[in-house]
Colleague: 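There's a structure below that I have some questions on.
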Amino acid sequence: MDECEKQPLLLRDEPPPRQRDTDGGSYPWKFVLGLMGLFALLSWHHAMHSDSFERHNRKDDDGGYCRTYAGEHIEWKACGQIGPDHRELECSSIDVPMDQFNATNSGSKTFGIPLIRMRAKGASRDDTATQNMLLNPGGPGGSGLEFMYRRGVQLSTIVGEDKFHLLSFDPRGINQSQPLASCYPTPEARRELSSDVRNKKIVEDSGELWAWTANFVQACADTMGEHGKYINTPQTAADMNSILDAVGQEDMVYWGFSYGTLLGQTYATLFPERSKRVIIDGVANQFDWYESPLDLEEMADTDSVFWGFLDECIKAGPGNCTLAPLANTTQELFDKVVTFVEEMRDDPLSVYVNNTVYGVLDYWAVWYNGIFPALYKPANWYTLASNLASMLQGNATDAFLAYGRDAAWDIPSDAENVVSLNDGASGPQHWPEQQDRKSLVDKLVPHFNQSLFGASEYDHYFAKRAWAIPKTHGYVPRRGVQTAHPLLILSTTYDPVCPLISARSANAAFGGSRLVEVKGYGHCSLAVASMCIVRHVRTFLYEGKLPDGNTQCEVDGPYFIKPEEGSKTVSTVQFVDQEEQRIHLAQLELARDLWFKPW
Ligand SMILES: *[C@@H]1O[C@H](CO)[C@@H](O)[C@H](O)[C@H]1NC(C)=O
Ligand SMILES: *[C@@H]1O[C@H](CO)[C@@H](O)[C@H](O)[C@H]1NC(C)=O
Ligand SMILES: *[C@@H]1O[C@H](CO)[C@@H](O)[C@H](O)[C@H]1NC(C)=O
Ligand SMILES: *[C@@H]1O[C@H](CO)[C@@H](O)[C@H](O)[C@H]1NC(C)=O
Ligand SMILES: *[C@@H]1O[C@H](CO)[C@@H](O)[C@H](O)[C@H]1NC(C)=O
Ligand SMILES: *[C@@H]1O[C@H](CO)[C@@H](O)[C@H](O)[C@H]1NC(C)=O
Ligand SMILES: *[C@@H]1O[C@H](CO)[C@@H](O)[C@H](O)[C@H]1NC(C)=O
């Protein structure tokens, strides 16, 4: 019998259909690097259907490509090839106890954790010297499998193709992990029962959201049953040890982005002795995350990034930013854009392309499908500026086609809510002074007012206050954690959802850690190209060396570049060799990882 038959088959012939419903139950994934959209779907689909996959899949029928490696305890199957070099991917899965911290609770219950790996170039099957580097793309709710298919090639270029095996996974509850973090038993139930928060007025519409949320949180608890309680970050941190054990590796080598920094900080606190090479990039404040009802820092720099977008536009000038001719100063441009979009709250624009494509472009679409996601990735700024400029000048067609029809953030997954609410100060007992709707609204309004984009958290906090699943983890973030090797912490200067102050907080909590700041805008260091960052990452990974003190890096290139000229654009630094040139191109591809459809 084929040994691999013992493994659950991970890959389906068809990716499950992506749902299009607007869903109040899932709020935007704030903490995710880049994201999927059409792009991901296409690359996923491509990987699933590539010739090599089908060839391998047939081969599988006669048990041909079950792989094992020296020192490991699991078997792998080929699951596609990616990139111009046709780098092979292999997939496996492990079962982990439902409760990693208490075998009595688990009994025989488990979560299935799918794994994906791109082995280091040239590593033989009995190579036990090359280490696996674990990756988490963020979310919570981001799929490590999808991340590897989409961005594995570029990440491998950055860390060095022959230096590490890149290994990622769908965290418990997420994507192809089983059982799923879900608040709806079926896609039909989601379509019928979810609420739509688009354009809701925070005070005026709070009655309906309050009433709906009471049902929603109960449905989350009922849909997931007993497993639901154990879908949280400390459990996932422990799952990462199960993964290491499965591949016979003692040391944790890790690069986590965005929410992946919470996972990294949690891991490093719980398992400091195994934390040998931990990189956290685009850092969220774990003290807020676990202990505070409201996230106090998260949006500290969001408006600064928006300002930076306009400021860089003015600096780039009319030839490189089509918004620039509309004003002489950044303040003037800010006022113009904000006033225009604010007016769309009451007077949305009607856009008619033809008799099959038309609709209404409203405030919410421009603000939360257009501007906010673009703050993550300055490579989107050129297009954003051009869409806004046309709109302000009376032609909203491009803005409508880009932001008006499909909610870029709408991901049919409840993992974001489930993980973050199971982790944090959720449920009525943590909100003693918000036992009725009015007092909750009174607490939220000034909080939301701290940022122009604050209302994106609207339904999330209603669910947080009402959350019905009990907290089962006992994790408490600590300061003064001494890890086996100090952490490398990466951040941009202005990150729209993971501000520099949160990186400083992690820097203060982890003994000997160093913070390397890219002097730029965007979410995580990968938002911009910076050779200096790569040098720090490689020196850390290869030699274990950190800079003497916290330090800064420059961004290698301009913010406003025509998308079609992107890869041709001459960077602002000289590269020492071809290898650096290649790395720079990989960084540009990562930086361009678009949130919304690239048309
Ligand atoms: C494990 O769970 C069982 C049953 O829920 C409980 O009685 C026991 O105290 C727990 N053990 C620990 C170490 O928390
Ligand atoms: C898993 O991720 C893929 C790729 O992003 C997506 O198409 C699919 O819908 C996801 N599946 C689930 C069950 O979430
Ligand atoms: C666009 O910006 C580049 C530098 O980033 C500059 O060399 C070029 O002159 C600008 N083009 C125009 C038309 O202003
Ligand atoms: C910018 O300043 C110039 C000179 O004062 C003026 O002619 C022009 O109208 C201003 N442009 C805008 C968009 O306000
Ligand atoms: C309507 O416009 C869309 C978007 O530009 C286009 O794809 C479609 O072919 C057009 N349909 C007709 C009937 O012209
Ligand atoms: C508005 O912009 C679209 C897309 O760029 C273009 O096709 C259309 O001709 C423009 N409409 C007018 C009235 O200029
Ligand atoms: C919050 O902002 C709104 C306008 O956006 C304003 O009407 C309201 O007074 C502000 N509330 C507080 C408490 O600052």
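Just so you know, ligand 1 is whichever comes first in the structure, and atom 1 is the first atom listed for that ligand. Heavy-atom basis, side chains included; hydrogens, waters and symmetry copies ignored.
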Colleague: May I have every N or O pair linking ligand 1 to the protein at under 3.5 Å, one per line with atom names and distance?
Modeller:
| from | atom 1 | to | atom 2 | distance (Å) |
| --- | --- | --- | --- | --- |
| ligand 1 | 2 (O) | Asn102 | OD1 | 3.3 |
| ligand 1 | 2 (O) | Asn102 | ND2 | 2.3 |
| ligand 1 | 2 (O) | Asn105 | OD1 | 3.1 |
| ligand 1 | 5 (O) | Asn105 | OD1 | 2.6 |
| ligand 1 | 11 (N) | Asn102 | ND2 | 2.8 |
| ligand 1 | 14 (O) | Asn102 | ND2 | 3.4 |

Colleague: Which atoms of ligand 5 are found less than 4.0 Å from any heavy atom of Val357?
Modeller: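 Answer, ordered by atom number: 1 (C), 2 (O), 3 (C).
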Colleague: Would you call the rings of Tyr559 and Trp381 parallel, tilted or perpendicular, where under 30° means parallel and over 60° means perpendicular?
Modeller: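 Parallel: the ring planes of Tyr559 and Trp381 meet at under 30°.
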Colleague: Measure centre to centre between the rings of Phe309 and Tyr521, then say whether the value is under 6.0 Å.
Modeller: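 No.
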Colleague: What pair of heavy atoms forms the shortest contact from Tyr290 to Pro234, and how long is it?
Modeller: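 So the two residues come closest at OH-CD, 3.7 Å.
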Colleague: Mark up the atoms of ligand 4 that fall under 4.0 Å of a heavy atom belonging to Ala327, in ascending order.
Modeller: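 So the answer, numbered in order with elements, is 13 (C).
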Colleague: Can you list the ligand 4 atoms lying under 4.0 Å from a non-hydrogen atom of Glu332?
Modeller: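 Near Glu332, meaning under 4.0 Å from one of its heavy atoms, ligand 4 has 12 (C), 14 (O).
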Colleague: Which atoms of ligand 5 sit under 4.0 Å from any heavy atom of Thr356?
Modeller: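 Matching atoms, with element in brackets: 1 (C), 11 (N).
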Colleague: Is any N or O atom of Lys336, backbone or side chain, closer than 3.5 Å to an N or O atom of ligand 4?
Modeller: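 Between Lys336 and ligand 4, no N or O pair is found under 3.5 Å apart.
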Colleague: Using a 4.0 Å cut-off to any heavy atom of Pro325, which atoms of ligand 4 qualify?
Modeller: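 Taking each heavy atom of Pro325 in turn, ligand 4 has 13 (C) under 4.0 Å.
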Colleague: Which atoms of ligand 4 sit under 4.0 Å from any heavy atom of Asn328?
Modeller: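 Here the atoms of ligand 4 in question are 1 (C), 2 (O), 3 (C), 8 (C), 10 (C), 11 (N), 12 (C), 14 (O).
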Colleague: Is any side-chain heavy atom of Pro477 closer than 4.5 Å to a side-chain heavy atom of Thr269?
Modeller: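 No, their side chains stay 4.5 Å or more apart.
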Colleague: Hey, what's the ring geometry for His523 with Tyr376, parallel, tilted or perpendicular (30° and 60° as the breaks)?
Modeller: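 His523 vs Tyr376 ring planes: perpendicular.
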Colleague: In plain terms, say whether Lys229 and Asp99 are close enough for a salt bridge, that is, a side-chain N and a carboxylate O under 4.0 Å apart.
Modeller: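 No, Lys229 and Asp99 are not salt-bridged.
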Colleague: For residues Phe372 and Trp367, establish whether the separation of their ring centroids is below 6.0 Å.
Modeller: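 So the answer is no for these two rings.
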Colleague: Measure from the ring center of Tyr494 to the ring center of Trp307 and say whether it is less than 6.0 Å.
Modeller: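 So the answer is no for these two rings.
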Colleague: Run Arg345 and Glu342 through salt bridge (charged side-chain N to carboxylate O under 4.0 Å, His left out) and show every step you take.
Modeller: CA-CA 6 Å; Arg345 282 184 195 268; Glu342 278 293 330; 2.8 Å; yes
Colleague: Check whether any N or O atom of Asn354, backbone or side chain, sits under 3.5 Å from an N or O atom of ligand 5, and answer yes or no.
Modeller: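 Looking only at distances, the answer is yes, because the N/O contact criterion of under 3.5 Å is met.
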Colleague: May I ask you to check if Arg479 and Phe287 form a cation-pi contact, with NZ or CZ under 6.0 angstrom from the six-membered ring centre and within 45° of the axis?
Modeller: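 Checked: cation-pi criterion met.
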Colleague: Can you list the atoms of ligand 4 that are under 4.0 Å from a heavy atom of Leu326?
Modeller: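 Listed by number with element: 13 (C).
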